[in-house]
Amino acid sequence: MDKFTRPTGTQDLLPAEQPYWEYVTSSAAATARRFGYERIETPIFEATGLFARGVGGATDIVEKEMYSFRDKGDHALTLRPEFTAGVVRAYIENGLHTLPKPVKLFSLGPIFRYERPQAGRFRQFHQFNAEIFGIQDPLADLETMLLAWDLYAGWDFKGLAFQLNSTGCPVCRPTFSAALRDYYQSHLHEICEDCKRRLETNPLRVLDCKQERCQPVIAGAPQSIAHLCEECSTHFTSLRSYLDALGRPYTINPRLVRGLDYYTKTVFEVWAEGIGAQAAVCGGGRYDGLIELLGGRPTPAVGFAAGLERIILVMKAQGLTPPALPVPPVFIAFSGDAARATAVRLVVDLRAAAIGAQIAMGGSLKAQLRQADKAQARFVFIIGEDELARGEVNFKDMATGTQLTVALGTAAAQVSQALAAC
RNA sequence: GUGGGCGUGGCCUAAUGGUUAAGGCUCCUGACUGUGACUCAGGCAACUGUGGGUUCAAGUCCCACCGUCCACCCCA
């Protein structure tokens, strides 16, 4: 029979990887809570139309990356390719606009995009996502960026580059797009084929073309921040002044444009080195039109997503190790059938006393001790038939190798005392 | 979707076109004590990714497919 293998682009997160995942997810949640964000969990699949409209029909995500299917009821569904559309849908559907503003939400979970896998890219991957609803003030943009900062600072990341830009709003972006298109019309013979295509489909994206020949054209291209309307310009200036006052390092990147249609005003990314070509560990921005677009009342919002796989890649590249996960400190070995029942009783009693304990499930005493060693148990109860006849058990400290004989009835107290001492 | 690298036990690695595909790690058993690590002895485990082709003979050469890794596109 053929062996089953995991689908392309998916991964098995084995026990050896779990310290990273536990660490990253728990600290991200803790940091978000420190900022006053609350967790929201939305379905892993949604109506296909939600993403088609929310993310934008001209995006790569919608054009070629969605895992779409029909269920037995003939509903068109799609595994979420990002968090925001689903969170916005939940915000509208559950009337979260009635909550005191700002509404600050975070999510953590798997995301699906049909792409060719490479370093830092998977078809099923995981994101931490945070959104603030209901605040137009750039203070919300600032809070969003500060959360990203604190996340990475908390993990001791070094050498991250914060990239910032503003791509305007429905008022000023058309002006900028037109200016960009005009400029490119006069350089058509100098640019690559992809850029010619981009000019038609999504003109802003010519700006982050990586082709050598396009670089001089990009360098001379008009910049969005020079074409912002007064409102967008003021917004951007305020955000920058907040950042400057706090002394947060960032780079104004006129070439930073994002692949999703819904962004307005602020866009930002965080880049890491040393994890391959997919260097963006975090991306986000403001999306003031999205809630209304999806059927809610006009609501300003801003948020970002951080890729957990890439975060863990950075940890490994920078030699950062997560704390070890706890293991039961006690192991119970026994010899002989009479001791077996006592061993079972003891392991149950220890757990009832909130002491982590495992019991041997067979093998010679030697094999049991070996198992205790592999399981990194600090203390082992060894129940032998001779001692048991006297109502006693052996209590061994695996770190020192010392062993003493104690009364069976005092076993739990014995462990508590020993654990408190180490 | 496009391009390139790579596919040998669970993992890592070896094998001038020529016996029964070798070794290390892991795992299991045993010896040194009814008692872990260190050491020693032994054991389980691969139709060499799949299917064709060349050849007297293919892990090795050729083709296709699949998988994987990296890069492009794009993004976290």
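In the text below, chain A, chain B and the rest are named by the order of the sequence lines, each starting its count at 1. This one's a predicted model, so the numbers in the text were calculated from it and none came from an experiment.
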Q) NA contact type, A:Lys396, heavy-atom cut-off 4.0 Å: base, sugar-phosphate, or nothing? A) base

Q: For RNA chain B, write out the stems as range with range, using runs of 3 or more consecutive Watson-Crick or G-U pairs with both distances under 3.5 Å.
A: B:1-7 with B:66-72, B:10-13 with B:22-25, B:27-31 with B:39-43, B:49-53 with B:61-65

Q.
For a quick check, tell me whether the side chain of A:Gln376 and the base of B:G36 share a donor-acceptor pair closer than 3.5 Å.
A. no

**Q.** 5′-ward residue of the pair A:Tyr263/A:Leu369 relative to RNA chain B
**A.** A:Leu369

Q) When you check every protein heavy atom under 4.0 Å of nucleotides 66-71 of chain B, what one-letter string (B, S, -) results, 5' to 3'? A) -SS-BB

Q) In B/S/- notation, 5' to 3', how is nucleotides 6-11 of chain B contacted by protein heavy atoms closer than 4.0 Å? A) ------

Q) Expressed as a whole number of Å, how far does the C1' atom of B:G4 sit from that of B:C44? A) 39 Å

Q: Could you give the distance separating B:U8 and B:A46 at their P atoms, to the nearest angstrom?
A: 15 Å

Q | Pairwise P distance, B:C40 and B:G51 [rounded to whole Å] | A | 41 Å

Q | Distance between P atoms of B:C70 and B:U13 (Å, rounded) | A | 16 Å

Q) Which value, in whole Å, describes the distance between the P atoms of nucleotides B:G23 and B:G42? A) 11 Å

Q: Kindly state whether the ring of A:Phe268 and the ring of A:Phe162 have centres lying under 6.0 angstrom apart.
A: no

Q. Contact class for A:Arg113 (heavy atom, under 4.0 Å): base, sugar-phosphate, or nothing?
A. base

Q.
Applying a 4.0 Å non-hydrogen cut-off, can you work out what A:Gln368 is touching in the nucleic acid: base, sugar-phosphate, or nothing?
A. nothing

Q.
Using atom C1' in both nucleotides, what's the gap between B:C62 and B:U26 to the nearest angstrom?
A. 37 Å

